[in-house]
Amino acid sequence: MTRAISAGSVGPMTDAASTKEEVLCDHCSLPVPAGLVNPQAEHQFCCGGCESVFNVLHGAGLDGYYGIRDAVAKENQPAASSNQNYEELDDPAFQTACVTNLPGGQCETELLLEGMHCAACVWLIERLPRVCPGVVESRANIRTRSAVVRYAPDQVALSRVARALDKLGYAAHPARGAGAREARKRADRKFLIRVAVAGAIAGNVMLLAIALYGGALSGIEPFWEHTLRYYSMGLGLLSLLWPGRVFFTGAIAALRTRTAHLDIPVALALAVGGLWGSYNTLTQSGEIYFDSLAVLVFLLLVGRWVQHRQQRGAADQVELMLTLTPTSAQRLMDDGTTKRVPIEAVEVGMRVQVEAGGSIPVDGVIESGRTQVDNALLTGESRPVSCTVGDPVIAGATNLGSPIVLTVSAVGDSTRAAKLMALVASATADKAPIVQFADRVAARFVVAVIFLATATFAIWTLRADLRTGIEYATALLIVTCPCALGLSTPMAMSIALGRAAKRGILIKSAAAIEAMSNPTKTRGALILDKTGTLTQGRTRVVQSKCDMALLLAAAALEQHSNHPLARAIVDHAGDGAIPVANDITQTAGAGIEGLVDGHRVYVGSPAFVAERTEFDDNASLLVQGMLDEVLTPVVIADETGRVGVLGIGDPLRDDTVDAVNALKARGWDLHLCSGDHSEIAQQIAWQVGIDHAMGGASPEAKAELVRSLRAQGHERIVMVGDGINDAAAMALSDVGIAVHGGAEAALQAADVYLTSPGVMPIETLCDLGRHTMKTIRIGLGVSLCYNTVAASLAIAGLISALIAAIIMPMSSLSVVALATRPWRRKGEH
Amino acid sequence: MSVILIMIPAAILLAGIGVWAFIVAAKRGQFDDLDTPAIRAVFDDDDVPSSTANGEIYAQSSTGSDAGDAGGDAHSV
């Protein structure tokens, strides 16, 4: 159906399309490109993926999807089908690693799904049994973008299940590391159980406390009072010893490693309050504090759980990115056929085929074929490298040219990429954790509170007696327990993580927010990797000194080449009418020639063209000018004497200069550190205004730069990068930021992952960090006021358990309210 | 008043049962996913599959795949 847009039509396209008639895709409701509109057809689609998904849904009677989608989806996405055949999932090596056998002959596995984003997706994925017979149940999880699929292996192969999901528009990726995921799940459940138990106990102790306070005001028989106090003690001690145990173990671990930690003052208050309360209960005298203690345990655990959950959400999304890297290889069998096998089943000496545009899965030596390989993720070099028979290639590189066949020389842990990963692991182990703001304050806090408590104890023991001294000192410890730090800090952090995630910044470690907040004070150094961060990360025609006709003639020839420079020229020709070329001869690494419109045209390096035809001094000057700007010059000439020169390079992003200036203004000491050629690095640094530039840097050199910057007194070092070559330096620095499209190793080493390209998100992160730290400081200030008042009352001996029980939740509530302080980014609404 | 001596333990016992039920539910993974059930609630339950649809889609998914999944062809809907 062709939906001409008019007022009141469905979807977000209404405004944009009201002026002209636009055909919308019947699957994803995005506009259909003009060339694909088929006036005869009943349905219109923006791409083949959408068309096949539409047909599948229609055929299975699952049209209900569109009703739900229109009702709930905020944005539309085209279908993400990959059209793989997933036969590697049926390999026994994969099955033992990732599939659980259930009693009754059924199997279960978890698949991460690309393109799942809304309620309608959940609906569709859970109707999988209807599309794919043999699947018993499919349960989607929108948070982790995954589905647990239960199927009968004797009726359906796992590859068929994956293909069915793929046909619904969700490219499936097996969730590897099932053991680690299961362990994490169990840890999460334990955490939640602790929160729930602490909450239940706190509620019940408070009920008992109401009776006790009522009794204290209006009189109560001693028998009932003591009964209620015994019950309070029982429940209070249960809370301290079961859910509250984490504070004691945390404090002991911190003391053992001699690091400051918030658990220390918390554990001190809990221990002293619990012991003195129990003594008072048993001796039937004095105050008990179990209601305050139980509430304290509950609130602190809630704060931690909220932050933990938010952080886990970011980690889960990064994990999905991780699974997108290739996990299978195209094995070339002896009989010439190919078979897709999981990476675990590849062995040294096997032959593996890599298609053009594919990612190279193993280290190997080229056996046949010649191509261009992009090593950017491994070495940082933005220019592709020519490879031919006998040349080694490394896992993680991209094959840009034509299909090649490799003989596998290393797999798994012995590949170059895996060795770099080992470097990352050791660097991570060396890295000192950032002592967070809350912990630093806690360290001073402990000293101050112990001093005050000792003073109170001494004064009142001298003025009155020992019992009064202990009583008042205990009251002081409990009322000054750093609830604001323990509750408002995780709340503020968790809100910040959520705000960042909304803007495409996934933060795995909350410490990153603090580390990014104040570069002036910490003498922060920010190291940027060039490829793909400052620049657009792909070759384009940057300068064109060439008329259109000649450019189109060049594009006609270059259409027949796979070389990245050739693609840049074809892209540059854009929508122009490209003529037909014939009699084409290609000279590898030099150029291409052929007949276009009856004229012989030469395109290639200046040397290549000069050998074949003449070009004037003017053109030579242009070539020299482009070489000076570190562009790759391509000369186009024909036999009639027309000459043009194109400068090809990796251009800067539009917002790079603004973002760099903003970062400088914040006080960051900026460094450019690239694996690219020195002159390119220098040139880019000069263009964007970065003072320090270093080119040709190996992974080891990058890590060394981080060490030397630290030796120079920079307290916070942020490494921004995308490749495996940056991963070691990322792990060594305080904050590692992996930018859009980064390699697996970079994702694992990074604390922050940016889903949108460019440097601007880093600026946003700085702004958010600043705001969040300010919020935390305000929260701390407010709670310090409460604590000062409470401590003075305690020292004066005026505090009772009732006042303590009132002040504590009051301060907690106000700091939590403060943590939600709004943050607005300049230019956002 | 002495009824309190029974009522308080009874109340704590009830709370204990609640906590125990929560722990069992949590250990079985009922709280692993707190986001999707909220979405599931908006679906209607009345989407009964049409009997012809399955065969049709099944045929379709066979055409797209290669000979490698011959094992899957043995079963019927």
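Nothing here was measured: the structure is a model prediction, and the numbers come from that model.
Residues of residues 8-17 of chain B placed with any heavy atom under 4.5 Å of a heavy atom in chain A are listed by number as B:Ile8, B:Pro9, B:Ile12, B:Ala15.
Judged as a side chain to side chain contact (heavy atoms under 4.5 Å, CB included), and not counting sequence neighbours, the contacts of A:Gln95 are A:Asp90, A:Val99, A:Tyr151, A:Leu158. When the salt bridge (Lys or Arg N to Asp or Glu O under 4.0 Å) test is applied to A:Asp63, no partner is found at least two apart in sequence or on another chain.
Interface remark: A:Leu207 contributes no atoms to any contact with chain B (heavy atom separation under 4.5 Å). With a 4.5 Å cut-off on non-hydrogen atoms, A:Glu126 touches chain B through its side chain but not through its backbone. For chain B, no part of A:Asp188 is nearby; none of its heavy atoms comes within less than 4.5 Å.
Per-residue heavy-atom pair counts under 4.5 Å with chain B were compared for A:Asn204, A:Leu235, A:Ile193, and the maximum is reached by A:Ile193. If you tally non-hydrogen atom pairs under 4.5 Å between each of B:Ile4, B:Thr36, B:Ile39 and chain A, the highest count goes to B:Thr36.
Judged by distance alone, with hydrogens and angles left aside, the side-chain atoms of A:Asp166 form no donor-acceptor pair with the main-chain N or O of A:Ala162 at under 3.5 Å.
Taking every heavy atom of both residues into account, A:Ala147 and A:Ile125 meet most closely at CB-CG2, 3.9 Å. Across A:Leu301 and A:Phe191, no two heavy atoms sit closer than the pair O-CE2, 4.1 Å.
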Compile the donor-acceptor pairs under 3.5 Å between side chains in residues 222-229 of chain A and protein atoms, sequence neighbours left out, one pair per line.
from, atom 1, to, atom 2, distance (Å)
A:Thr227, OG1, A:Phe223, O, 2.7
A:Arg229, NH1, A:Gly286, O, 2.9
A:Arg229, NH2, A:Asn280, O, 3.2
A:Arg229, NH2, A:Ser285, O, 3.0
A:Arg229, NH2, A:Gly286, O, 3.1

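Between A:Glu87 and A:Arg340 there is no salt bridge, since no side-chain nitrogen of the basic residue lies less than 4.0 Å from a carboxylate oxygen of the acidic one.
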*Applying side chain to side chain donor-acceptor pair (under 3.5 Å), run through A:Thr100 and A:Glu108 and close with a yes or a no.*
CA-CA 5 Å; A:Thr100 324; A:Glu108 193 172 81; 5.2 Å; no
